[in-house]
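Numbers here simply count residues along the sequence, with the first being 1. Whatever order the structure lists ligands and atoms in, that order sets their numbers, starting from 1.
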Amino acid sequence: MDKKIFQPIKIKNMELKNRIGMPPWLNNPVGKDGFVDDLTIRWFEERAKGGAGFIMTGAVDPRPACWKSHGQGLAIWDDKFIPGFARLATAMHRHGARLGVQIAFLGPGFGQAGMSPSPWPDEKHAKDRMSDVFGSNIPIGSVSIENIQQYELDAVAAAIRLKAAGVDCVELHCAHGGATLCNCAISPFYNRRTDKYGGNWENRLRLPVETIQKMRVALGEDYPILARISADEFLGEKGITPETTTKYVVPALEKAGVDCFDVSQGSILHTPQGIILPLYYPRGCFIHLAEAVKQVTKRPVIGVGRILDLDIASKYIEQGKADMIYMGGQLCADPETPKKYLEGRPEDIRLCIGCRIGCGRPACAVNYDIQDHPIPLTVARKSKKVLVIGGGIGGMEAARVAALRGHKVTLMERDSELGGMVSALARDAYLAEFGNFVNYLTTQMRKLKVDVRVCKEATADDVRELKPDVVILATGSSMVMPDVAKGKPGVISIIEALNRQQEIGQRVVIWGLVAASMAISLADEGKEVTMIGRGGEDTLDRDDPNYRRVWVFRKLTDVNFPRETPEAQRMHNPKVLYHVDVEAVTAEGIKIVDKDGARSILPYDTFIISRERASNDAVLKELQGKVSEVYQIGDCAKVGEIKDAVWSANEIARKI
Ligand SMILES: Cc1cc2nc3c(=O)[nH]c(=O)nc-3n(C[C@H](O)[C@H](O)[C@H](O)COP(=O)(O)O)c2cc1C
């Protein structure tokens with residue numbers, strides 16, 4: 001492959017076979033007491049085997065007491081951890097990949113002291129409504145100069161152990177705001193010390209600079225040392241900005257001995273969604289930060305952030321925006337991404353959908369095999385005739401797995417297109433990435449020669465005629481229309497709204513606090529939107545992970561985020577009304593009552609219902625006693641999320 005992304009690159013004495021890497025990722029399996037174990041090796045090996053040339057571990061805290069207190073990630077605070085890393089390095093080398101270890105002094109985001117005194121964490125922020133809503137525990141504390149100097153020595157000792165283990169390079173984690181002490185040190189927002197570790201840029205950079213310098217002396221000239229930086233903390237002038245990164249941070253770290261810059265962004269407690277980017281952000285949205293760093297250094301620069309597509313990643317490299325690309329979410333969703341691309345079958349790559357529900361341990365919505373002990377996908381002992389009823393993502397995933405195992409599969413779908421509810425969700429501008437998975441599965445149906453019959457509502461007669469050995473029911477769920485709204489003009493379910501089955505009027509009321517992204521997209525279209533629900537603020541977008549909820553909260557609430565960040569612009573349309581119930585829907589409007597009994601009327605053109613869903617299990621009743629093996633998966637078994645449908649599909653299809 002002549003694309004530059006598949007060309008080798010050198011960082012000091014380390015040659016990488018290509019420029020695709022797995023970024024630091026804490027959610028990989030870790031053995032008891034922080035040791036590398038077989039599951040750790042399997043996790044990293046899957047990504048190396050899949051073709052990534054460079055694998056970085058998640059944050060490894062080199063300080064014995066701190067590691068013991070937070071217990072996060074692998075440990076390297078003693079020589080006893082060396083053999084584990086040696087095994088890990090050998091496993092990576094077996095596949096031609098190189099291994100790096102991220103050394104991190106974890107900070108307030110992990111319950112450890114920061115570089116206080118600072119304006120944060122303090123009384124005001126400890127009472128911040130963000131922590132009320134998201135439950136973050138914000139510790140208050142500071143480190144002494146003696147602590148700092150000991151930490152530097154701990155990092156050096158860790159780096160020496162890692163080099164001895166055969167690890168190819170180390171990276172000092174200086175990014176992600178409150179996640180690391182080094183970022184807290186550099187940032188004018190987090191560090192208000194007045195001693196030699198605070199005050200001006202030189203002093204605030206002293207902790208990472210001294211650490212790198214000491215590592216360089218201990219590791220020798222040729223051993224590669226990388227640094228991860230947040231090139232923009234999204235705190236405006238009060239924090240690290242792209243300008244101060246290029247003016248102060250990069251030159252100082254380069255002079256200290258950094259050989260490669262890994263350019264990230266954000267702060268774990270203030271802008272976590274800027275680090276672990278959900279699907280609301282455009283792909284590659286922070287590559288300009290890597291590009292800015294490249295302007296001021298000749299050292300290789302790694303770009304990261306919602307990069308899924310190797311064509312685009314390759315373009316970034318050709319355009320000189322970065323020298324290497326990290327793909328995190330994507331190598332979770334499909335560790336074989338580089339291999340499949342090189343083999344000329346990009347259509348087999350399962351793209352990340354950006355849902356951020358687990359990203360590794362414990363889960364990935366679209367990759368069942370990511371867990372510690374998946375049921376293995378083996379060739380079936382006997383090829384069976386399998387009928388899957390329902391062509392949503394659960395049904396298609398079951399059909400895919402069953403076909404891969406050698407079963408003969410027919411899939412019947414009532415609608416004219418495949419994808420079910422997920423296809424509908426993907427019509428929301430902010431959820432378009434969900435469509436990646438529908439496209440992937442639809443392509444696999446064709447490639448695996450699944451007999452797909454659309455516009456076909458399966459009946460007991462079809463089953464009698466087809467005589468399948470196994471029936472898998474994947475008929476999904478439907479929105480339950482509350483009696484008070486049933487049959488009233490302008491009332492539609494969220495699925496009908498997403499599919500634009502009816503025109504959506506100018507004044508929209510959405511009943512249910514979980515459809516936040518739809519409210520935001522309709523407001524973007526210029527509609528006047530009101531969301532109402534029985535729950536309080538804590539139930540807003542409740543079913544989504546915090547990385548997504550933070551984005552929603554920024555748009556819809558006054559939860560106390562630092563106002564300086566560009567995304568802190570709260571939208572004034574839509575409105576959200578909490579603790580509200582609907583009493584009646586009349587020609588005048590929707591009659592609502594709040595928790596104090598106060599009544600009002602909301603005029604509307606379209607009333608969208610986004611509340612409970614109920615399983616569609618009518619076919620099961622029809623089939624009872626007619627087929628020996630009948631299984632239910634996804635929403636038709638139990639209403640849940642994308643991950644539940646995919647995982648339940650695998651749990652059945654891998655056993656039949
Ligand atoms: C589960 C998870 C764990 C992560 N752990 C770390 C970490 O230990 N150190 C770090 O610097 N970044 C960490 N990150 C951030 C990633 O390295 C990466 O920068 C981020 O996910 C954006 O890349 P992506 O959009 O390709 O996933 C983590 C991200 C996720 C989702």
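- We find that Glu433 and Arg306 are joined by a salt bridge, their nearest charged nitrogen and carboxylate oxygen being less than 4.0 Å apart.
- Side-chain atoms of Asp334 never come within 3.5 Å of backbone atoms of Gln330 as a donor-acceptor pair (strictly under, hydrogens ignored).
- Contact residues for ligand 1 (protein heavy atom closer than 4.0 angstrom to any ligand atom): Pro23, Pro24, Trp25, Leu26, Asn27, Gly58, Ala59, Gln102, His173, His176, Arg228, Ile275, Ile276, Val304, Gly305, Arg306, Met327, Gly328, Gly329, Arg356, Cys359.
- Taking a cutoff of 4.0 Å between a charged side-chain nitrogen and a carboxylate oxygen, Asp544 and Arg356 do not qualify as a salt bridge.
- For the pair Arg204 and Trp201, the distance from NZ or CZ to the six-membered ring centre is under 6.0 Å and the angle to the ring normal is within 45 degrees.
- With hydrogens and angles left out, the side-chain atoms of Thr57 and Gln102 include no donor and acceptor closer than 3.5 Å.
- Between Asp38 and Arg87 there is a salt bridge, since at least one side-chain N of the basic residue sits less than 4.0 Å from a carboxylate O of the acidic one.
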